Chemist: 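The structure under discussion is supplied below as structure tokens; questions concerning it will follow.
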Amino acid sequence: MKKLITTLTNIWKIEDLRNRILNTLLFLLIYRIGCHVVLPGVDPSALASVGEKEGLLGMINMFSGGSFSRAAIFALGVMPYISASIVVQLLGIAVPAFQKMQKEGESGRKKMTQITRYLTVAITLVQAIAYVKTQIDASAKTIADPMFTILAAIVLSAGTLFVMWLGEKITDKGIGNGISLIIMAGIIAQLPGGIIAEWGSRMSPSGGGIIPFIVEFIALFFVVIFTILIVQGVRKIPVQYAKKIVGNKQVGGVRQYIPLKVNAAGVMPIIFAQAIMFLPMSLAQFFPSLQSDFLTSLTDFTSPAYNITFAILIIAFTFFYTAIMVNPQQMSEDMKKNGGFVPGIKPGYDTNLFIDNVISRITFPGAIFIAIIAILPAMASAAGVNNNFAHFYGGTSLLILVGVVLDTLQQIESHLLMRHYDGLMKTGRVKGRSAVGVEGYDQSAI
């Protein structure tokens with residue numbers, strides 16, 4: 001406790017760090033207030049009868065801090081920006097013009113950021129119209145169409161752009177990655193409601209009492225520890241650099257490491273898999289004649305068929321996205337240009353093959369573990385945990401929470417160590433994400 005108090009005191013002593021933390025809290029407070037401001041022309045009491053969102057819509061609602069189900073001005077949250085960032089990121093891999101921009105350094109990054117913003121506006125307009133048409137019941141509208149649709153689409157688009165601006169301000173003036181913190185704030189906002197719902201169900205006559213409630217929290221603690229191990233797990237490949245004589249000095253000759261993450265894809269496989277698992281529900285709604293027992297089971301997230309299919313898709317997408325994000329050939333070429341080599345491995349093709357084999361070996365267990373984390377909420381729900389609370393036992397929400405918290409703590413520790421204070425940990429250091437962001441996105445994307 002004394003160590004914690006000393007660390008908090010040191011954080012408060014550093015004016016720059018103190019201001020950044022206060023700015024971050026202020027921006028997040030503004031975001032949370034906006035999540036409760038309902039769209040003009042919508043009757044909030046008419047929305048109270050709408051049930052909980054499930055599947056992909058449930059994930060969007062969680063990312064938006066519940067504003068999606070409230071028809072708030074921030075209902076779309078940062079999802080359009082994330083979608084645009086993913087599209088631009090994939091274009092940077094497949095399209096030569098975007099590859100060239102990536103290699104242009106700061107100027108290229110600014111161009112890609114501008115393209116991402118324009119694409120965000122286009123995606124937001126489309127999603128805003130779709131949201132108004134599909135998610136807001138006619139009985140909740142106090143303004144007649146088409147005026148309501150036009151007004152709501154403009155407000156939703158402006159809300160998303162404002163949230164995107166808030167995220168950029170947090171990154172510039174605050175601590176941590178702004179978009180990631182906004183998503184984390186939305187997820188954490190759902191936690192008190194989940195705990196209260198679980199407490200109510202356990203305190204009911206058939207709930208089992210306080211003992212199962214405590215056991216659930218102990219289980220959640222170990223799940224979080226397990227998730228941290230997966231997020232932080234790396235395989236270090238030693239790299240030796242040849243000695244060089246520059247003037248009268250000898251440079252090089254040092255050994256460094258290439259940290260290959262066990263979970264290089266982050267939460268992207270889960271997001272892609274959830275999007276695909278949403279298709280059976282859509283098919284069942286639009287084509288009732290296609291309904292069957294198997295198709296119906298794929299719409300129930302607690303069914304064995306759903307979870308087995310979900311896990312297989314996650315494993316497949318983990319390999320796919322890792323292959324996109326990690327380029328062994330580029331690594332080997334960069335090492336060769338800088339006079340580096342893996343001890344015992346010839347530079348060039350052999351190094352490329354060696355790194356590729358290592359990535360394949362660590363990606364498979366990583367994919368298995370991510371699939372387990374993804375289906376843990378369904379297992380918790382099947383064990384009797386309330387659905388609102390079961391979502392925090394795994395899946396996208398838990399991976400995002402762990403990744404963002406670790407990244408933010410690493411930045412705080414960097415400020416402390418830079419000013420010759422002790423870090424947050426008595427021994428060791430907080431290791432954040434260095435290559436990919438939340439959920440496997442590039443840090444500029446989320």
Side-chain angles (χ1 to χ4, degrees), residues 76-130 157-158 160-169 171-172 177-180 182-183 258 260-261 263-273 275-276 316-338 340 347-349 351-353 355-356 359-360 363 433-446:
L76 299 181
V78 294
M79 290 304 291
Y81 178 70
I82 293 174
S83 302
S85 300
I86 294 171
V87 170
V88 173
Q89 190 177 352
L90 294 176
L91 288 175
I93 298 170
V95 179
F98 283 85
Q99 291 177 352
K100 183 179 179 182
M101 276 191 285
Q102 284 182 330
K103 296 178 181 179
E104 290 177 355
E106 184 65 20
S107 61
R109 188 188 67 81
K110 288 182 179 179
K111 291 178 184 177
M112 295 191 72
T113 301
Q114 200 67 15
I115 293 172
T116 303
R117 289 171 178 167
Y118 289 137
L119 186 58
T120 299
V121 174
I123 293 175
T124 304
L125 287 172
V126 174
Q127 290 187 356
I129 296 173
S157 301
T160 295
L161 295 178
F162 181 75
V163 172
M164 185 175 69
W165 177 82
L166 276 179
E168 292 179 353
K169 285 299 178 184
T171 303
D172 294 338
N177 183 272
I179 301 296
S180 301
I182 285 175
I183 294 176
I258 298 177
L260 298 177
K261 297 182 73 67
N263 178 31
V267 298
M268 288 303 300
I270 299 179
I271 292 176
F272 285 153
I276 290 181
F317 279 124
T318 300
F319 277 95
F320 169 75
Y321 204 76
T322 301
I324 291 177
M325 293 298 300
V326 185
N327 189 346
Q329 183 178 357
Q330 185 67 39
M331 290 181 181
S332 62
E333 289 178 358
D334 290 341
M335 276 194 294
K336 191 174 181 180
K337 289 178 182 177
N338 294 302
Y349 176 77
T351 300
N352 178 13
L353 188 61
I355 296 176
D356 187 60
I359 292 173
S360 299
T363 298
R433 298 158 297 156
S434 57
V436 291
V438 180
E439 18 188 205
Y441 306 128
D442 188 278
Q443 284 291 351
S444 61
I446 183 167

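Quick caveat: nothing in here was measured; it's all calculated off a predicted structure.
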Chemist: Can you spot which of Thr120, Thr124, Ile182 makes a side-chain contact (heavy atoms from CB on, under 4.5 Å) with Met164?
Modeler: Thr120
Chemist: Could you list the residues that satisfy side-chain contact (heavy atoms from CB on, under 4.5 Å) with Ala323, not counting sequence neighbours?
Modeler: none
Chemist: Decide yes or no on side-chain contact (heavy atoms from CB on, under 4.5 Å) for Val121 and Thr160, but give the supporting numbers first.
Modeler: CA-CA 9 Å; Val121 174; Thr160 295; over 6 Å; no
Chemist: How many angstroms lie between OH in Tyr321 and OG1 in Thr363, if you round to the nearest 0.5 Å?
Modeler: 14.0 Å
Chemist: To the nearest 0.5 Å, what is the distance between CD1 (Ile123) and CG (Leu76)?
Modeler: 11.5 Å
Chemist: Just verifying a value: how many Å separate Thr351 OG1 and Asp356 CG, rounded to the nearest 0.5 Å?
Modeler: 12.0 Å
Chemist: Is there a donor-acceptor pair under 3.5 Å between the side chain of Ser332 and the backbone N or O of Gln329?
Modeler: yes
Chemist: Apply side-chain contact (heavy atoms from CB on, under 4.5 Å) to residues Leu161 and Tyr81 and explain how you reach the verdict.
Modeler: CA-CA 9 Å; Leu161 295 178; Tyr81 178 70; over 6 Å; no
Chemist: So does Gly178 get a backbone contact from the side chain of Thr171, meaning a donor-acceptor N/O pair under 3.5 Å?
Modeler: yes
Chemist: Is any side-chain heavy atom of Ile115 closer than 4.5 Å to one of Leu91?
Modeler: no
Chemist: About how many Å separate OG of Ser85 and CG of Leu119, when rounded to the nearest 0.5 Å?
Modeler: 8.5 Å
Chemist: What pairs meet the salt bridge (Lys or Arg N to Asp or Glu O under 4.0 Å) rule with one or both residues in residues 112-121, with sequence neighbours excluded?
Modeler: Arg117-Glu168
Chemist: Measure the spacing between CE of Met335 and NZ of Lys337 and express it to the nearest 0.5 Å.
Modeler: 12.5 Å
Chemist: With a 4.5 Å heavy-atom cut-off, do Ile355 and Leu260 have their side chains touching?
Modeler: yes
Chemist: Please say which of Met331, Lys336, Gln330 ends up in a side-chain contact (heavy atoms from CB on, under 4.5 Å) with Glu333.
Modeler: Gln330
Chemist: Looking at NZ of Lys111 and OG1 of Thr116, how far apart are the two atoms once the value is rounded to the nearest 0.5 Å?
Modeler: 14.0 Å
Chemist: Which heavy atom of Asn352 sits nearest to which heavy atom of Pro328, and what is that distance?
Modeler: OD1-CB, 3.2 Å
